2 protein chains.
Amino acid sequence: MPTPLASKGTTRRERLRADLIAQIKAVAVAQLEAAGPAGVSLRGIAREVGVSPAALYGYFDSLDDLFTALIVDAFNDIADAVESAVAAQPPDALGERLWAGIRAYRAWALANPSLFRLLYFSPVPGYEPPDEGEALTAALRVFVPMLATMLEGYERGLMKPPPSGPHIDASKFREYFGLDLTPDQLALSTKCWTEFHGFVALEINGHIDPHWVDAAALFAANVRSSIREMGLPLDDG
Amino acid sequence: MPTPLASKGTTRRERLRADLIAQIKAVAVAQLEAAGPAGVSLRGIAREVGVSPAALYGYFDSLDDLFTALIVDAFNDIADAVESAVAAQPPDALGERLWAGIRAYRAWALANPSLFRLLYFSPVPGYEPPDEGEALTAALRVFVPMLATMLEGYERGLMKPPPSGPHIDASKFREYFGLDLTPDQLALSTKCWTEFHGFVALEINGHIDPHWVDAAALFAANVRSSIREMGLPLDDG
DNA sequence: ATGTAAAGTCAACGGTGTTCAGATATTGTT
DNA sequence: AACAATATCTGAACACCGTTGACTTTACAT
């Protein structure tokens, strides 16, 4: 009686296959968080899983393929985190919703630094993130809840006019995201995005020195003030 | 008569050594920009330089050591670019000075994407950036001109009060940077830093889709509006 | 029970970083 | 000019890597 890991499917073969795939991914993530991108190797995984290196090629076409699978899972994971954090806030507290999503974003990054780097800084030797397919759609999922919140803010007339000009092709954007924002709204949204992502990017890569910076407090202060600057209501100080 | 590359020093040995070191670095950078971090290999460099792989160990202790040297050079290079861009503006045009530095920062990143990734996203297999030594001091150099500009803005009373609280240990900061900013000023400076770095980080890693975003225009609009929000004067629109 | 297809093994190829003994070339001194 | 010292380079070797192909074993369906 094998331990049920991700036992989906009917036949015994399918169950074993799904379990082994899950185990391979788990070992890969463990090695990634333990020793960085260089520390994850097919042979190492095979050794840990108790199988010959060549056997893994029955589950993933290549090491890059395995990384892609890891990336898709991670994108969906952080997207779930952001989504549920936003959903946990009252529907009308738009500022709180956005802040909750952003906070969940940072929290996930701090909890899974190597995976976060994998998602946004392509740190894998020779790996190029696919520009289409489920990896892209999963990547977009992360920002949909926050964009939707901002969109609602725009529709309620809460948010200030963005700085300037039509630097964004809104129809192309809509094609990908399925959200109907004007170019100006997109510009402001992008500004918000670059700000909190920029902070997390610096923090994750060790460029915000904890010796002289209280990162969590500074992140909260900066992002919350930006949210207020956009015009979304936010409680307390 | 060998081609003079970086011929410094008096004796023939020293000149040859300096030249070869420069050549090794040049080949490494070329391979880095051509094929990414995975494309740079000691054996490949040795092949191109026309020397046995083992010979390189007379110049660098390891591949990591070579990367560290590349990183130090690159930090100094981007610091030079930012410094001269700031210095090229009129001393009193503080907003223009800051904007020029930030623009130079982005321009250098776009011109040397692989090196920029090397600096800020440690994408080298197993490489961990040293937390002390010349790599750190070179890294700090990058932001000194921009911080100094903001500091002058504070001293002239131009800039608005930062959002809030003492999230930063200013004395520790002064110890490293030699600049005397209050915690509140540092908080606002960090906000500016995270914003433009965040934009460049997204752009360099391919997350700002040129299909629907005019990155240069959006960058200018967002950053310039932030500079104005801080209180620094800036010409035209 | 048997044929078929999936899954796993083994060995090999070409690549990598790194080490070390030995050969070679340059230097400073006699 | 010859020699000893020393810096430098080479060649072979080790251990690891991703990937492939031929072969064997296992599980399923009829």
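Labels below follow one simple rule: chain letters A, B, ... track the order of the sequence lines, proteins then strands, and each chain is numbered from 1. Remember, predicted model here, so these are calculated numbers, not experimental data.
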The test is side chain to side chain contact (heavy atoms under 4.5 Å, CB included); show your working for A/Phe143 and A/His197 and say whether it passes. CA-CA 11 Å; A/Phe143 299 102; A/His197 176 81; 5.6 Å; no
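- Summarising the geometry, the separation between CG on B/Leu56 and P on D/dC9 is reported as 9 Å, rounded to the nearest angstrom.
- Of the two residues contacting DNA chain C, namely A/Ala54 and B/Ser41, the nearest-nucleotide position lying further toward the 5' end is that of A/Ala54.
- Annotation: side chain of A/Thr194 is not in contact with side chain of B/Phe219 (no heavy-atom distance under 4.5 Å).
- Chain A approaches DNA chain C within less than 4.0 angstrom (heavy atoms of the protein), and the contacting nucleotides run 5' to 3' from C/dA6 to C/dA12.
- Protein atom CG of B/Leu42 is 15 Å distant from nucleotide atom C1' of D/dC16, rounded to whole Å.
- The side-chain heavy atoms of B/Val142 and B/Trp108, taken from C-beta on, include no pair separated by under 4.5 Å.
- In this structure, the side chains of B/Asn205 and A/Tyr120 stay at 4.5 Å or more apart for every pair of heavy atoms.
- Of the candidates D/dA27, D/dT8, D/dT10, the closest approach to any side-chain atom of B/Arg17 belongs to D/dT8.
- Atom-to-atom, CG of A/Asp61 to P of D/dT19 comes out at 10 Å; the value is rounded to the nearest Å.
- Nucleotide D/dC9 holds its P atom 11 Å from the CD atom of B/Gln23, rounded to whole Å.
- In this structure, the CD atom of A/Glu48 is 15 Å from the P atom of D/dC16, given to the nearest Å.
- Atom-to-atom, CG of A/Leu20 to C1' of D/dA27 comes out at 15 Å; the value is rounded to the nearest Å.
- Judged by distance alone, with hydrogens and angles left aside, the side-chain atoms of A/Arg117 form a donor-acceptor pair with the main-chain N or O of A/Ile204 at under 3.5 Å.
- Counting heavy atoms from C-beta on, the side chains of A/Thr149 and A/Met146 never come closer than 4.5 Å.
- For the OP1/OP2 pair of D/dC9 and a distance below 4.0 Å, the side-chain nitrogens and oxygens of B/Tyr57 include no atom meeting the criterion.
- As a whole-Å value, the separation of A/Arg43 CZ from D/dC17 P is 7 Å.
- In this entry the distance linking CZ of A/Phe60 with C1' of D/dG18 reads 16 Å, nearest Å.
- Between A/Phe60 and A/Phe67, the gap from one ring centroid to the other reaches at least 6.0 Å.
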